[in-house]
Amino acid sequence: MNLDKIIENVVKKFPQLPKPNLWDKHGIKRFYFNKKEGNQDFTFFIDVTDIKNIQLRQKPDAIWHSSYPKKQDIENLLNQYLGKKQAGTRSIQDGVLTEFYQVNPEKFDNFYCYKLELIGGNINEVGGKFGYQLRNKFSGFWNFSDYILLSNHFIEEEQLNKFVEELWSKESETYKNLTKITFLKDKTLSTKAIANFFANFLKFHYKNDISRILEKHKEEEAKIKIKKECIIRGWVINDLPAISLSIKSNIYYEDTFEKFLKTLENKEDIINFPVIDIELEHTGKISGSAGILKDHRKRLLSYTRREKIVKKLHEAPDNEEVLIIDEFYHYTASTLHPLVITKNAHLFEASASKLMSHLTLSPKKRISIENEIISLFKEYITANFNSVNTPKLFKKGEEIGFKNNLKFKDGSIHSEDEYVLKILKNHGIYKLTSKFENDPTLETVLLLSSTYSRYQDFWEKLKTEMIDLGFTPKLKKIIKLDKITPIEIEKSIKTISVDNFDIILAILPEKNNQDRIYELIKSALFSSNLIKSQFIFEKTLHEKLQWALANVILGILAKTENIPYIFSFPLDFADYFVGIDISREQKKNLKGSQNYAATARFYGKDGTFKHYEIQEDKIEGETLPKIILERIFAKTMFQGKTIMIHRDGFFRGEEIPFLKELGEKYNITFQFVEVIKRNVPRLFKVSESKPFNPEKNQIFYFSQKEAIIINNEVKGAKTAKPLRIRVCDKHTNLDNAIISVMAFRMMHFGTTKTPKLPVTISFSDRISGFVRRGIKPPKKSGKIPWWY
């Protein structure tokens, strides 16, 4: 059906519409439906850039006439004539799908903006809670976002301010700093505020319908419960308001955290423990303790109206622990369930491998569930962002200059996907240290648990591989640990001379407390100034040696300061690439000083590791560690240089202003890149209408400042998790940031997992945790990558 015929049929179907006029210029056909009454304009138009891209739009300041049919009805008819599915569905034959959808702000006749005036306190915290109160008190939907309170229902200022006065008496602690609500008549809405309004409106409005859909997919096993959760968030994509819809599986233990807490031998183990509230809505990690309920009951009861939590707050004893979640939210232990993950599965006598089968969803299963839910929203969304509808937002790494190649000693270039150990044997280690150039002997110490008797097999295989690489492995010493206790470990390690070995290989038992064993031995080695060590667990040698051996060998090469390979292309847009993580130790009370730890790992433009920095300090109050950043970067070697910083997660507080100030002071150009790994919506590859995991190096651009990328290859039944890359200043090019993240994923040595993060920030959380607990090398700066 040609275009003119389509418009003719629309007019026949909806005779109440005015007769359209055609405007045809610059390759765009626009059909105007003009209607004016007095000073009010009711004009809309249908834009056609090609036969597959038809959009219904309103003129600025025009409103939708009461006699017109619903916009969605017209759009559905257009889609029907074009053979397209109705808005809200996603279906393409070939290409890349996303979990992102454009929303239709015109669905609501008007938005009304209000300003909150405070004399102190956290405006986001107060605004979020006030929006919740307004939903219960007045009609319409209310949402606080981007410093604006937004509603689709108008309420007079006087009524709102009367309600504020009521809250002063009922919940004075929460709203004591909220002084006034002001209606903003001519406020220009931010796209972000609209997107967040839609995300929270849909989540709230369709809560029961979503629960019914997810209930069909619930699972359980003894006291382990598996709950699927629908995550809806607001986004700005290509300057348009959008939402994302993702499915997440939470596995929680039936008992509350209060009961679980009694089973823990070491109460410090609760730090970073994942939890979910008893209403199964809020997940997070424990940051610390705020004290006992006796001191917080009244305050906590003023915060919440959630029935189950209120009941628990009334019933719980005065001495029950109040836990801090994600450094912000406060819950009593009896209002939380422990979340079960592979790392803590042994605490609940659960199989880690079985848990993974519940946690993972295939692309096909994930899309099936999501399509059921998104069909609920079809009148509020206009389209899925995919490579057919918005092809300019999708690229591959190769299109922006990324090269998936590494260079070896003889100058040959090979793909990272090839088996690197074989390439090293045939084409040589890129650079040996002078020690091994002169003498290939690799003096090795084996540190074994006494229960392990098969080390000889491992040693022989390792020796054969190292000989093929040009080394002469020599077993200098075997130390068996009869008991893995601090005293036994210290006695054994004292027998090792610092100058009498090249590498310590520690083979550890596979036990429930293996992390604790690792930390005990690592800490003891550092205390004796023994830095060059590689740790391997018995299970790895028994079940995965064929795959793990290459990683063990690469770890040995890196820790003995050799360079196995470099990039095939230099990253010329910066002189240094540094992964930085700044963390603080949660205070046990809410006053006093805090311990800050910053770790930084520096790499060159050819991918080689240069050195690490560890800086710590105790700082009063909430002040960010400017002094720590200065200690890391105020060095002659960095003056006049460009440094790209990979931040593990978001830059916090004043970190960027502090670094810019240091840059001006010491003549350093900083480039700021956030690498965000949590809560990133997914991409899917579709071939012949069947969904698969996307290919490695796939990019989806939000804007000139932000994108998500697939940075590793995922096989099997689980769905790939993207990384979100965001540049934080106008001098940092997004494509350069993406190339750097893709390139540095190729420089991992000593890990048995498929790398997704760049090596600059891999293990950042773990390294910071080590440092805060005093598990660190004796020197603040060094050239040995001790964290593998």
Apply side-chain contact (heavy atoms from CB on, under 4.5 Å) to I369 and L214, showing your working. CA-CA 8 Å; I369 299 172; L214 295 177; 4.0 Å; yes
For I231, does its backbone N or O pair with a side-chain atom of K248 as donor and acceptor, under 3.5 Å? no
Whether the side chain of T283 engages the backbone of I276 through a donor-acceptor N/O pair (distance < 3.5 Å, no angle test) should be reported. no
Counting heavy atoms not belonging to K227, are there more than 12 under 6.0 Å from its NZ? yes
Minimum heavy-atom separation for A195 and A242, please, with both atom names. CB-O, 3.4 Å
Step-by-step ring-ring contact (aromatic ring centres under 6.0 Å, His included) determination, Y380 to Y101: CA-CA 10 Å; Y380 295 98; Y101 299 84; over 10 Å; no
Q615: partners by side chain to side chain donor-acceptor pair (under 3.5 Å), with sequence neighbours left out: none
Using residues 251-259 as the side-chain source, report each donor-acceptor pair under 3.5 Å to any protein atom, sequence neighbours left out, with the distance given to one decimal.
residue : atom : partner : partner atom : Å
D255    : OD1  : K223    : NZ           : 3.2
D255    : OD2  : K223    : NZ           : 2.9

Validation row, ring centre Y206 to ring centre F377 under 6.0 Å: yes
Salt bridge (Lys or Arg N to Asp or Glu O under 4.0 Å) filter on D209, not counting sequence neighbours, yields R212
Check C728 against I656 and note the closest heavy-atom contact, atom names and distance. CB-CD1, 3.6 Å
Return yes if some donor-acceptor pair links the side-chain N/O of T179 with the main-chain N/O of E117 below 3.5 Å, else return no. yes
Those residues that, when tested against R601, pass salt bridge (Lys or Arg N to Asp or Glu O under 4.0 Å) (two or more places apart): none
Inspect the surroundings of NZ in K192 and state if more than 12 heavy atoms from other residues, nucleotides or ligands are less than 6.0 Å away. yes
Looking at residues at least two apart in the chain, or sitting in another chain, which of them share a ring-ring contact (aromatic ring centres under 6.0 Å, His included) with W235? F100, F702
Partner of F204 under ring pair (Phe, Tyr, Trp, His ring centres under 6.0 Å), picked from F141, F198, Y132, is F141
Output all residues satisfying salt bridge (Lys or Arg N to Asp or Glu O under 4.0 Å) with R297, sequence neighbours left out; order by chain, then residue number. D318
Hey, could you give me the CD1/CD1 distance between I324 and I286, rounded to the nearest 0.5 Å? 10.5 Å
Could you label the plane-to-plane angle of the F144 and Y147 rings as parallel, tilted or perpendicular, counting under 30° as parallel and over 60° as perpendicular? perpendicular
Assess the residue pair K129 and E125 against the criterion (salt bridge (charged side-chain N to carboxylate O under 4.0 Å, His left out)); give the C-alpha distance rounded to whole Å, side-chain angles, the decisive distance to 0.1 Å, and a yes or no. CA-CA 6 Å; K129 290 176 180 176; E125 182 181 352; 3.2 Å; yes
Run the ring-ring contact (aromatic ring centres under 6.0 Å, His included) test against Y112 and tell me which residues pass, sequence neighbours left out. F154
Is it true that the side chains of S145 and N196 contain a donor and an acceptor less than 3.5 Å apart? yes
Hey, is the main chain of S289 close enough, under 3.5 Å, to the side chain of E321 for a donor-acceptor pair? no
So which atom in K677 and which in L757 form the shortest heavy-atom distance, rounded to 0.1 Å? CD-CD1, 3.9 Å
Short question: side chain of S523, backbone of L520 - any donor-acceptor pair under 3.5 Å? no
OG of S764 to CH2 of W787, rounded to nearest 0.5 Å, is 9.5 Å
Under the rule for side chain to side chain donor-acceptor pair (under 3.5 Å), what residues qualify as partners of E488, not counting sequence neighbours? none
If only atom types and distance count, is the side chain of N344 paired as donor or acceptor with the main-chain N or O of L347 below 3.5 Å? no
Contact summary for I148 and C113, nearest pair of heavy atoms: CG2-CB, 3.9 Å
Have a look at D617 and tell me which of K780, R631, K626 forms a salt bridge (Lys or Arg N to Asp or Glu O under 4.0 Å) with it. R631
Under a 3.5 Å threshold, yes or no: a donor from one side chain and an acceptor from the other, between T719 and R682? no
Using the test salt bridge (Lys or Arg N to Asp or Glu O under 4.0 Å), find all partners of D277 that sit at least two apart in sequence or belong to another chain. R306
Is the side chain of E372 donor-acceptor paired with the backbone N or O of I213 at a distance under 3.5 Å, no angle test? no
N-O pairing of K207 and E281 below 4.0 Å: yes
Test of ring centre spacing under 6.0 Å for Y518 and F770: yes
Heavy-atom nearest pair, L202 first then I210, reads O-CD1, 4.4 Å
What's the separation between atom OG1 in T599 and atom CD1 in I580, rounded to the nearest 0.5 Å? 7.5 Å
Sequence neighbours left out, what passes ring-ring contact (aromatic ring centres under 6.0 Å, His included) with F111? Give chain and number order. F108, F197
How far apart are the closest heavy atoms of A600 and I632, and which atoms are they? CB-CG2, 4.0 Å
Stepwise ring-ring contact (aromatic ring centres under 6.0 Å, His included) check, W786 with F526: CA-CA 10 Å; W786 53 270; F526 285 152; 5.5 Å; yes
Do E655 and I645 touch side chain to side chain, with heavy atoms closer than 4.5 Å? no
With side-chain contact (heavy atoms from CB on, under 4.5 Å) as the test, would you mind laying out the steps for I767 and D581 before giving the verdict? CA-CA 9 Å; I767 293 170; D581 184 65; over 6 Å; no
Could you work out, with ring-ring contact (aromatic ring centres under 6.0 Å, His included) as the rule, every residue matching H217, not counting sequence neighbours? none
Within a 6.0 Å radius of atom NZ on K298, are there more than 12 heavy atoms belonging to other residues, nucleotides or ligands? no
Does L508 form a side-chain contact (heavy atoms from CB on, under 4.5 Å) with F537? I'd like the steps, not just the answer. CA-CA 5 Å; L508 307 185; F537 285 97; 3.8 Å; yes
In terms of the angle between their ring planes, are H296 and H330 parallel, tilted or perpendicular, with boundaries placed at 30° and 60°? perpendicular
Is there a donor-acceptor pair under 3.5 Å between the side chain of R135 and the backbone N or O of N143? no
Give the intermediate values and the outcome of side-chain contact (heavy atoms from CB on, under 4.5 Å) for residues L167 and F130. CA-CA 9 Å; L167 293 175; F130 188 53; 3.7 Å; yes
With distance as the sole test, does E674 use its side chain to make a donor-acceptor pair with the main-chain N or O of F651 at under 3.5 Å? yes
With side chain to side chain donor-acceptor pair (under 3.5 Å) as the rule and sequence neighbours excluded, what pairs involving residues 149-161 come up? S139-H153
Between R366 and I247, is there a donor-acceptor pair closer than 3.5 Å when you use the side chain of the first and the backbone of the second? yes
Nearest 0.5 Å please: distance from the CD atom of E320 over to the OG1 atom of T332. 4.5 Å
